[in-house]
Amino acid sequence: MSLTRVLAIAGFVLAGLAVLAVEWAARRPDSRIPTIGDVSALVMRYDVGGIPVGRLAILSFWFWLGWHFLAR
């Protein structure tokens with residue numbers, strides 16, 4: 001494996017661990033940090049002139065994620 005690939009994998013692993021750490025901190029009693037579910041619910045409710053912009057953003061994110069990780 002090349003050094004670039006190792007660094008990319010390490011970056012994704014660190015990002016995943018950071019997300020898990022924030023989610024763990026959010027679920028502690030009396031925490032003021034919102035959970036990932038709370039943030040997604042807030043984004044999903046966002047509308048501009050009757051167009052569900054938040055839902056389109058979430059759909060676009062999942063499409064981008066699938067395209068980059070599953071399209072080979």
Side-chain angles (χ1 to χ4, degrees):
M1 275 198 281
S2 67
L3 179 62
T4 306
R5 182 176 171 92
V6 171
L7 288 175
I9 291 170
F12 280 110
V13 168
L14 286 174
L17 290 174
V19 167
L20 289 175
V22 169
E23 185 69 16
W24 176 77
R27 293 186 180 271
R28 292 176 53 207
D30 298 329
S31 175
R32 296 183 59 191
I33 302 170
T35 62
I36 294 172
D38 293 337
V39 172
S40 347
L42 178 70
V43 169
M44 293 277 282
R45 286 194 304 262
Y46 187 69
D47 285 348
V48 174
I51 299 172
V53 178
R55 289 180 186 264
L56 292 173
I58 297 288
L59 177 67
S60 300
F61 170 73
W62 280 113
F63 177 78
W64 177 88
L65 198 67
W67 186 268
H68 282 81
F69 289 109
L70 302 175
R72 282 213 177 203

State, to 0.1 Å, how close Ala26 and Pro34 come at their nearest heavy-atom pair, and which atoms those are.
CB-O, 3.7 Å
Who pairs with Arg32 by side-chain hydrogen bond (donor to acceptor under 3.5 Å, both in side chains), at least two apart in sequence or on another chain?
none
Which pairs, with at least one residue in residues 3-28 and sequence neighbours excluded, count as a salt bridge (Lys or Arg N to Asp or Glu O under 4.0 Å)?
Glu23-Arg27
Under a single-linkage rule joining Ile, Leu, Val, Met, Phe, Trp and Tyr whose side-chain heavy atoms are separated by less than 4.5 Å, which residues share a cluster with Trp24?
none
I need the full list of side chain to side chain donor-acceptor pair (under 3.5 Å) pairs touching residues 34-44, with sequence neighbours left out, sorted by first then second residue.
Thr35-Asp38
By side chain to side chain contact (heavy atoms under 4.5 Å, CB included), Thr4 pairs with (sequence neighbours left out) Ser2
Linking Ile, Leu, Val, Met, Phe, Trp and Tyr by side-chain heavy atoms under 4.5 Å, what else ends up with Ile36?
Val19
Taking all atoms of both residues into account, what is the closest heavy-atom pair of Pro52 and Asp47, and its distance?
CA-OD1, 3.1 Å
Counterpart residues, side chain to side chain contact (heavy atoms under 4.5 Å, CB included), relative to Val13 (two or more places apart)
Ile9, Leu17
Through direct or indirect side-chain contacts below 4.5 angstrom among Ile, Leu, Val, Met, Phe, Trp and Tyr, which residues connect to Leu56?
Tyr46, Val48, Ile51, Val53
Taking the six-membered ring for Trp, are Phe61 and Trp64 parallel (under 30°), tilted (30 to 60°) or perpendicular (over 60°)?
parallel
Does Trp62 have any ring pair (Phe, Tyr, Trp, His ring centres under 6.0 Å) partners at least two apart in sequence or in another chain, and if so, which?
none
According to ring pair (Phe, Tyr, Trp, His ring centres under 6.0 Å), who are the partners of Phe12, at least two apart in sequence or on a separate chain?
Phe69
